[in-house]
Amino acid sequence: FDLTLDSGTNAAAALNVTSLTATGTARLTVREAGSFTVSGTVSVPAVELRGITGAASFGGNFTATSLTTLAAGYSLAFLGSTTQVTNPVTLLNTGGVTLGNGSDTLNFNGGLVSTASATSVNGTVNTTDDPATFNALSITGTSSITGASSINTGTGNVSVGSIAVAGNSLTILTTTG
């Protein structure tokens, strides 16, 4: 099934969901919302965010094959202990990106590009042999960005325009074969 969440004529409305789970080729599309918050688990093959004007936040574990964001001024946060996206991800939102809120593991198996806005990291970001590219990166807790996992030696590059560490530690690991 496909599910589209739309606030209708009240485009500034907050859409709040406890959890979302679907299988097969299901797609979740969020459009025309002031904010979108999922407090629990999201496990949906395809997720598309568009037309959000405030913030999109995933408070629980997030699992998807694909994640599509459209260019708009909203912020985006992944705050669950595990985030898993299989396909390459390019985050086009311009209101900021938050990856983790302490000891979280975020796996972007096809790589990650977050250059449309500043990105805050507080956890471990893995790309498994694919590049991770950031514009402005702010480290808000002990964090690491790895192009490798304990199973697979990574060959993906890490590119960053600027890094603000502010007393926190950051480890960036890439390996070549």
Inset, instruction - Classify the side-chain pair Thr124/Asp104 by whether it contains a donor and acceptor separated by less than 3.5 Å. - result: no
Legend entry - Test item: Val85 and Phe62 side chains (from C-beta on) under 4.5 Å apart, heavy atoms: yes
Legend entry - For Leu112 against Thr127, the heavy-atom pair lying closest together: N-CG2, 4.5 Å
Inset, instruction - Mind running side chain to side chain contact (heavy atoms under 4.5 Å, CB included) on Leu28 and Leu20 for me, showing each step along the way? - result: CA-CA 9 Å; Leu28 166 66; Leu20 293 163; 3.4 Å; yes
Legend entry - Side-chain donor/acceptor of Thr69 to backbone N/O of Leu92, under 3.5 Å: yes
Legend entry - Where Val97 and Ser114 come nearest, the two heavy atoms and their spacing: CG2-OG, 3.6 Å
Legend entry - Asn61 side-chain N/O to Thr82 backbone N/O, donor-acceptor pair under 3.5 Å: yes
Inset, instruction - Decide whether Leu67 and Leu3 are clustered together by the hydrophobic rule: side chain heavy atoms of Ile, Leu, Val, Met, Phe, Trp, Tyr closer than 4.5 Å, transitively. - result: yes
Inset, instruction - Report yes if the side chains of Leu76 and Leu49 come closer than 4.5 Å at any heavy-atom pair, otherwise no. - result: yes
Legend entry - Ser117 side chain vs Gly96 backbone, donor-acceptor pair below 3.5 Å: yes
Inset, instruction - Rounded to the nearest 0.5 Å, what's the gap from OG on Ser66 to CD on Glu48? Could you check? - result: 9.0 Å
Inset, instruction - Go through the steps for Ser120 and Thr140 under the test side-chain hydrogen bond (donor to acceptor under 3.5 Å, both in side chains), then give the verdict. - result: CA-CA 6 Å; Ser120 297; Thr140 57; 5.4 Å; no
Inset, instruction - Considering non-hydrogen atoms only, spot the tightest contact between Thr25 and Asp2 and give its length. - result: O-OD1, 3.9 Å
Inset, instruction - Report yes or no: do Asn126 and Asn107 form a side-chain donor-acceptor pair below 3.5 Å? - result: yes
Inset, instruction - Return the minimal non-hydrogen interatomic distance between Ser75 and Gly95, and the atom names on each side. - result: CB-O, 3.4 Å
Legend entry - From Tyr74 atom OH to Ser35 atom OG, the distance as rounded to the nearest 0.5 Å: 13.0 Å
Legend entry - Least distance between heavy atoms, Val47 atom then Ala64 atom: CG2-CB, 4.2 Å
Inset, instruction - With side chain to side chain contact (heavy atoms under 4.5 Å, CB included) as the test, would you mind laying out the steps for Leu15 and Thr37 before giving the verdict? - result: CA-CA 6 Å; Leu15 299 175; Thr37 302; over 6 Å; no
Legend entry - Nearest heavy atoms of Pro45 and Gly24, plus distance in Å: CG-O, 3.1 Å
Legend entry - Non-hydrogen side-chain atoms of Leu91 and Val89 separated by less than 4.5 Å: yes
Inset, instruction - Without swapping roles, check the side chain of Ser7 against the backbone of Glu32 for a donor-acceptor pair under 3.5 Å. - result: yes
Inset, instruction - Specify whether Phe36 and Phe58 have parallel, tilted or perpendicular ring planes, treating 30° as the upper limit for parallel and 60° as the lower limit for perpendicular. - result: perpendicular
Inset, instruction - Would you check, one step at a time, whether the test side chain to side chain contact (heavy atoms under 4.5 Å, CB included) holds for Thr29 with Arg50? - result: CA-CA 8 Å; Thr29 302; Arg50 58 184 171 143; 3.5 Å; yes
Legend entry - Spatial distance of atom CG (Leu5) from atom CD1 (Ile52) [nearest 0.5 Å]: 9.5 Å
Inset, instruction - Identify whether the distance between the nearest side-chain nitrogen and carboxylate oxygen of Arg31 and Asp6 falls below 4.0 Å. - result: yes
Inset, instruction - Measure the shortest side-chain to side-chain distance between Ser57 and Leu79 over non-hydrogen atoms and say whether it is less than 4.5 angstrom. - result: yes
Legend entry - Check: Thr94 side chain, Ala72 main-chain N or O, donor-acceptor pair, under 3.5 Å: yes
Inset, instruction - Report the C-alpha distance between Leu106 and Gln84 in whole Å, list the side-chain angles of each, state the deciding distance to 0.1 Å, and finish with yes or no for side chain to side chain contact (heavy atoms under 4.5 Å, CB included). - result: CA-CA 6 Å; Leu106 302 102; Gln84 177 77 38; over 6 Å; no
Legend entry - Flag side-chain contact, heavy atom, 4.5 Å: Asp130 against Phe108: no
Legend entry - Euclidean distance, Leu99 CG relative to Thr83 OG1, rounded to 0.5 Å: 8.0 Å
